[in-house]
Amino acid sequence: MHHITLDSQTDFDGWRKAARTLALNDVKPSDVSWRVADDDDEPELFEPTAPPLEPPQGTFNVPARFVELAEVAILHRNPERFALLYRLLWRLRTHHDLLELATDPDVAEITAMAKSVRRDEHKMHVFVRFREIGREQKSHFVAWFEPEHHIVELAAPFFARRFADMPWSILTPDLCAHWDGHVVSFTPGVSRSEAPSADRLDEIWRRDYASIFNPARLTVKTRNLQEGSMIKPAVKRAERDATEPYQAPKRPEPPMVRRRVQDDIETLREEAADCRACPLYKNATQTVFGEGRQTARIMLVGEQPGDKEDLAGKPFVGPAGQMLDRALEEAGIDRRTVYVTNAVKHFKFVPRGKVRLHQKPNTPEIKACRQWYERELAAIKPDLVVAMGATAAQSVFGKITPINKNRGHPIDLADGTRALVTVHPSYLLRLPDADAKAREYRRFVQDLKIAAGVLRKSAHAA
Ligand code: URA
């Protein structure tokens, strides 16, 4: 029997490394036992321990979808999850399409686990209630939450973004997350027996955590009282603050400690539904978020939803959408395989009688909305982003980017993403001259054919 001990309940990297070594050494799932270092149960000593494994030779591929599922499902509280994941990995080596079999018991179980984790994450986003503490000195906001699964690390970035301006701590029995306005750090959980009433929250906060957010009181003694290395980022930051004036973080996206799991599109869509980052939400019917498969290799970015999109809650369903559909088809791209979104997610308009006249979004609105584009990009990880029109190009490139000067070839962005610039389909609709319209439409299709070519090349390389 091979006894594998993972560092923590959420040690995905540890699981992945062990699973790879086991699989490459042809170790059957029934010959592996999995535990976590802080579990109370010791490995079964009467089971003979297998000799150490050879370092892995060679490699094998699993579908990206499996990695996405596994990263989330591993956060489930079911102790059998590590074994289940390894069994699936083992089976995927000879049955690459296994995940398509929704009725397979292992596939059904892993899918249900991942869903349950996502539901719990959403519950945490919705139900955490902060209480203000220490008003007389420096406010801090503390909340108590008991998650069903190991989701604190998964859920914490949401709170850092939403409550970026206030220092907070979320105490849970598994792990506590802390935000000092700059970085998220984690400390061990608070015991359930201390399950805080409002007053106990205050007390626990003052006793265990207040010092790490108050540099003046950060002495060597208090530092030594803190447990383990997980506290380090917060201490480091506080030490720096003791000598340097505090500087608000420049980037809206906070740096994360131990942030591993990417957002999934459905969670992002739910979050964006409440977006108040700019005033456009006030008059729009709803947030129109991106649409398409999370596994899409091409991401198309437009400007903002129009009248029809605002009512339907879906991007590119009106006249510009029909033009886009036609051009995609001519370029040999199936719309169902791409992810379609907009740089700005709310409809900007001025009412004129019964109609709502489209208004171009301005730079502050584009910037305020860019967080969603960035997070969609991180979730989809496409091979190519196609920026349609000037607003999309501004969002994709992070600066004003002229279309004509840049269209016609893929461009590498600093973060490694490849981008292609082209015109917006609405531009084609507005051209009054029929010849110009036909000519510009052909150029648009030509640009989309370049995108199709990139797609073919990356499919070959995979
Ligand atoms: N124009 C856009 O940029 N996006 C839409 O979704 C519709 C029209």
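As the structure lists them, so they are numbered: ligands from 1, and atoms in each ligand from 1.
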Legend entry - Side-chain donor or acceptor of T21 paired with backbone N/O of K17 under 3.5 Å: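 Yes; judged by distance alone, with no hydrogens or angles, the pair exists.
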
Legend entry - Short side-chain to backbone donor-acceptor contact, Y86 and A23, under 3.5 Å: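 A pair under 3.5 Å: yes.
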
Inset, instruction - Taking the six-membered ring for Trp and the full ring for Phe, Tyr or His, determine whether the centres of F159 and H125 are under 6.0 Å apart. - result: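 Between H125 and F159, which both carry aromatic rings, the centre distance is below 6.0 Å.
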
Legend entry - Aromatic ring proximity, centroids under 6.0 angstrom, F163 and F130: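 Yes, ring centres under 6.0 Å apart.
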
Below 4.0 angstrom from a heavy atom of [X], which ligand 1 atoms are there? Numbered from 1 as shown, please.
| X | result |
| --- | --- |
| H424 | 1 (N), 2 (C), 3 (O) |
| E303 | 2 (C), 3 (O) |
| P315 | 6 (O) |
| G302 | 3 (O) |

Inset, instruction - Flag the pair R118 and E266 as a salt bridge only when some basic side-chain nitrogen lies within less than 4.0 angstrom of an acidic carboxylate oxygen. - result: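 Salt bridge flag = no for E266 with R118.
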
Inset, instruction - Return the residue, atom name and 0.1 Å-rounded distance of the protein heavy atom closest to atom 8 (C) of ligand 1. - result: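 Going by distance alone, atom 8 (C) of ligand 1 is nearest to Q304 O, 3.8 Å.
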
Inset, instruction - Considering heavy atoms of the protein only, find what lies nearest to atom 6 (O) of ligand 1 and give residue, atom and distance to 0.1 Å. - result: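 The answer is F316 N, 2.8 Å.
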
Legend entry - R326 charged N/C atom sitting above Y441 aromatic ring, 6.0 Å / 45°: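 Output yes; distance and angle both within limits.
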
Inset, instruction - Please state which part of E309 comes within less than 4.0 Å of ligand 1, counting heavy atoms only: side chain, backbone, both or neither. - result: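 Looking at E309 and ligand 1, just side chain atoms fall under 4.0 Å.
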
Inset, instruction - Mind listing the closest non-hydrogen atom pair of E365 and L280 along with its distance? - result: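 Looking at all heavy atoms of both residues, the closest pair is OE2-CD2, 3.7 Å.
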
Inset, instruction - Tell me, please: is M388 in heavy-atom contact with ligand 1, that is, under 4.0 Å? - result: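 No, that is not the case, since the closest heavy atom of the residue is not under 4.0 Å from the ligand.
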
Inset, instruction - Going by heavy-atom distance to atom 4 (N) of ligand 1, choose the closest among N342, T341, L324, D307. - result: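 Among N342, T341, L324, D307, the closest heavy atom to atom 4 (N) of ligand 1 belongs to N342.
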
